[in-house]
Amino acid sequence: MFGIEVIILISSLRFRLEAENFSPISIYCEGSTCREMQKLGDFKLPHFFNYPPYFTLQPVRETREKQVQLWKELILDYCRTQKIFVIKLEEEFPLFSNSVIERTLSHEAREAFLSALAAEGRAEWLDKGHRSCLILWHRIQEWADIIVNFVKDNGFEDSVMTVEEIRFGIESRRTELHGIDRTILMRALKLLEQKGKLAIFKGTSTDDEGIKFSV
Amino acid sequence: MSNFFSKAEVTSSGRPVFLHNEVECHLLSGVDLEPEDHHHFTPLKSGILILTTHRLLWLHSSSATTPTSASAIPLAAISHIFSSRKSLKSVFHSPRIRFQVLVSPDGRVFDPGSGSGSSSGSGSRSVVVTAVIRGKGDSDGFLVKFWDSWRARAWESNETSGSGSGSGLASGSEAVTGTGGGLYSRDGSLRMVGVAGILRKEQQMWESTDKSLQDAFQDLNALMGKAKEMVMLAEKMRQKLLSGTSSQTSGANDEDMGSKEEMQDWLLSVGIISPVTKESAGALYHQQLSRQLADFVRTPLERAGGMINLIDAYCLFNRARGTELISPDDMLQACSLWEKFDVPVMLRKFDSGVMVIQNKSHSDDEVFARIKSLAAKPEALRNGVSPTDAAMSLGIAPAMAKEHLLTAESKGLLCRDISPDGFRFYINLFPEIDPLNIYFVKDYGICSTWIKAVSTSG
């Protein structure tokens with residue numbers, strides 16, 4: 001009796017150990033070369049993430065433009081897959097450092113790339129000191145459309161919901177709305193309110209803000 | 001003309017090649033050489049006359065072309081120098097220096113190196129040559145130096161081997177090593193020995209200084225009496241010059257320009273700077289300096305691999321000069337004049353502000369090709385290229401190497417990587433990356449090479 005339990009225990013432990021020792025590598029084969037590149041969580045990194053100049057703000061105009069473009073794509077991709085809505089510049093952000101080549105983006109570089117995103121409407125600075133940035137991997141209008149689809153798909157056209165229900169309710173679990181940043185959600189809702197698709201009314205506390213749809 | 005004068009060699013930058021121990025003493029521009037009798041040679045027009053300790057050299061000058069040869073008259077062939085006649089006529093004409101040159105029977109300037117050493121022997125004929133100085137230049141000073149050089153007979157001390165027989169012409173009061181006993185040395189001047197000698201030397205110096213000061217003040221007293229009138233006259237002249245040259249084109253006839261230039265010279269000597277001469281003042285000095293510099297800088301250039309920092313060149317040049325050092329400004333002007341001449345070197349300014357002298361034949365593209373191949377090596381793909389690496393591999397100074405790397409970066413060949421380890425450059429991969437397809441790696445592109453090189457190190 002003990003023997004079997006021990007065996008099960010040991011085998012489950014071994015499985016755990018192996019799982020932890022399993023180094024997160026993604027093997028991608030493109031063209032005809034197969035290369036191993038590290039991952040950040042479950043996010044696949046491109047090969048140039050290990051190119052040291054990628055982490056130094058380039059002075060030459062053409063090179064800089066390309067570099068900025070690549071970083072913008074990478075930031076948006078990463079935030080979308082990891083559901084990150086806010087980047088704080090002074091805090092550590094996994095994408096901005098590469099321990100394999102021992103390089104980190106300087107504050108100046110981070111600000112430059114995020115400002116470039118803000119300039120094309122894919123991000124917004126939350127404060128004048130540029131310390132905190134809202135990432136709009138969906139634009140506000142896109143979020144608004146997603147909300148409208150969500151309402152239609154679930155038959156909520158004339159009903160009432162609270163903001164928190166939209167964010168964490170059961171129905172939203174299968175959609176991108178689940179876990180959405182509150183600021184972004186409110187913006188999208190306000191946009192829809194202006195178009196007359198819904199009405200926002202305050203409850204006894206902020207958590208109780210309610211939405212009446214009239215989609 | 002070609003048969004009369006001795007031939008003088010000229011460097012590729014247009015400066016004369018000097019003999020052993022020969023030193024340049026004075027230089028005048030805009031000089032014509034005319035013989036009294038046109039049978040001997042056709043007059044030489046508008047050249048540069050250089051006086052040295054051994055010869056009188058004449059170079060054909062125009063600032064556009066570099067002279068390839070020069071004519072020379074050895075000072076040993078000159079039998080007499082006429083003193084300048086100051087007459088009313090000479091005030092309005094260009095200054096002239098007349099001297100008598102010995103001529104050998106076949107019609108050429110007497111060459112002291114060939115025949116007997118006696119200067120009054122074989123050449124029985126002589127011709128009077130006049131140097132007409134049409135350019136701006138101190139002709140009186142030139143004449144004085146001409147006399148001095150001619151009397152110093154520096155060419156003779158070459159032939160007699162180190163006998164120390166300089167009979168006090170150069171510096172009569174210099175202490176000589178004793179060649180015999182007695183108070184009086186061989187040529188009769190008072191000998192200077194011991195403390196008494198030093199005291200006597202001091203005494204002599206004082207006396208001569210005193211005398212020369214007195215002479216100077218004589219003139220000064222006279223001048224001060226006339227000062228007011230002189231200044232008024234000079235001002236009038238200046239006004240006339242200003243109004244004159246504004247309507248004058250540069251193609252005016254010689255005599256007119258000559259007299260105008262003379263007036264400007266006088267103004268300058270009185271102390272009033274004419275606005276017209278400011279641009280051209282000193283141009284001749286810089287021209288000659290510029291050519292001399294071009295000659296000098298060729299050896300250091302070769303040693304440094306074709307490119308040398310301007311500051312380094314300045315230090316080397318001044319050290320080689322010994323005395324008569326030039327200021328950084330002179331250096332800069334001399335280098336900028338190279339554009340106008342046909343010399344094989346040029347001044348170049350990088351974006352970072354660093355100025356270098358480089359061979360005209362130096363090719364940037366060739367350097368970039370070398371840098372590119374250096375950056376594509378596996379070692380460089382893994383760790384980048386630092387300025388020191390580039391300096392060692394290209395064979396140039398690290399500061400120059402850094403300039404080249406920065407220029408290559410600005411052309412898009414390289415990218416910089418700044419880290420606690422320092423400043424390094426990698427080959428530029430960005431152009432090959434497609435932002436719409438960031439995971440794709442082209443098969444035989446530089447990205448693929450880079451990935452291979454990086455992954456082999458583990």
Side-chain angles (χ1 to χ4, degrees), chain A residues 23 25-39 43-78 81 95 97-109 113 116 120, chain B residues 350-352 368 375-376 379-386 402-403 405-458:
Chain A
S23 45
I25 299 174
S26 80
I27 300 179
Y28 62 94
C29 295
E30 301 283 355
S32 62
T33 54
C34 284
R35 291 284 169 256
E36 292 177 4
M37 191 65 200
Q38 70 263 35
K39 280 173 135 186
F43 180 71
K44 194 169 75 171
L45 287 166
H47 65 279
F48 54 83
F49 196 72
N50 282 349
Y51 178 54
Y54 189 55
F55 283 83
T56 302
L57 199 56
Q58 295 295 318
V60 177
R61 196 171 56 94
E62 260 188 68
T63 318
R64 158 92 64 120
E65 280 170 7
K66 195 60 174 291
Q67 183 189 28
V68 167
Q69 209 182 2
L70 294 173
W71 269 108
K72 284 195 303 196
E73 285 298 320
L74 201 62
I75 292 171
L76 286 179
D77 271 349
Y78 182 71
T81 57
L95 193 67
S97 302
N98 185 339
S99 51
V100 170
I101 57 170
E102 290 172 346
R103 296 282 185 276
T104 308
L105 278 183
S106 67
H107 185 100
E108 192 199 346
F113 301 139
E120 54 172 42
Chain B
F350 282 104
D351 292 332
S352 56
F368 291 150
E379 178 60 37
L381 286 175
R382 281 197 288 270
N383 300 321
V385 178
S386 75
K402 189 164 183 188
E403 288 306 318
L405 290 174
L406 287 171
T407 318
E409 181 195 36
S410 70
K411 293 238 172 339
L413 267 83
L414 302 174
C415 287
R416 63 172 62 181
D417 165 45
I418 300 176
S419 72
D421 298 333
F423 206 120
R424 306 186 80 87
F425 290 90
Y426 287 77
I427 197 149
N428 190 0
L429 300 180
F430 285 113
E432 211 186 78
I433 305 172
D434 178 7
L436 300 174
N437 195 353
I438 59 178
Y439 296 101
F440 178 68
V441 179
K442 223 163 61 163
D443 263 344
Y444 294 105
I446 186 68
C447 282
S448 156
T449 318
W450 173 73
I451 292 172
K452 283 197 191 91
V454 168
S455 56
T456 51
S457 68

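Residue numbering restarts at 1 for every chain, and letters A, B, ... go by the order of the sequence lines. Predicted, not measured: the structure shown is a model, and the values here were computed from it.
When atom types are taken as modelled, the side chain of B:Tyr439 and the backbone of A:Lys44 share a donor-acceptor pair closer than 3.5 angstrom. Checking side-chain atoms of B:Glu432 against main-chain N and O of B:Cys447 turns up a donor-acceptor pair under 3.5 Å. Without hydrogens or angle criteria, B:Glu409 side chain to B:Phe425 main chain gives no donor-acceptor distance under 3.5 Å.
Only the side chain of A:Leu74 comes within less than 4.5 Å of a heavy atom in chain B; its backbone stays farther off. When heavy atoms are compared at a cutoff of 4.5 Å, A:Tyr54 approaches chain B by way of both its backbone and its side chain. For B:Leu406, no part lies near chain A; criterion is any non-hydrogen pair under 4.5 Å.
Applying the salt bridge (charged side-chain N to carboxylate O under 4.0 Å, His left out) definition to pairs two or more places apart or across chains, those involving residues 45-63 of chain A are A:Arg61-A:Glu65.
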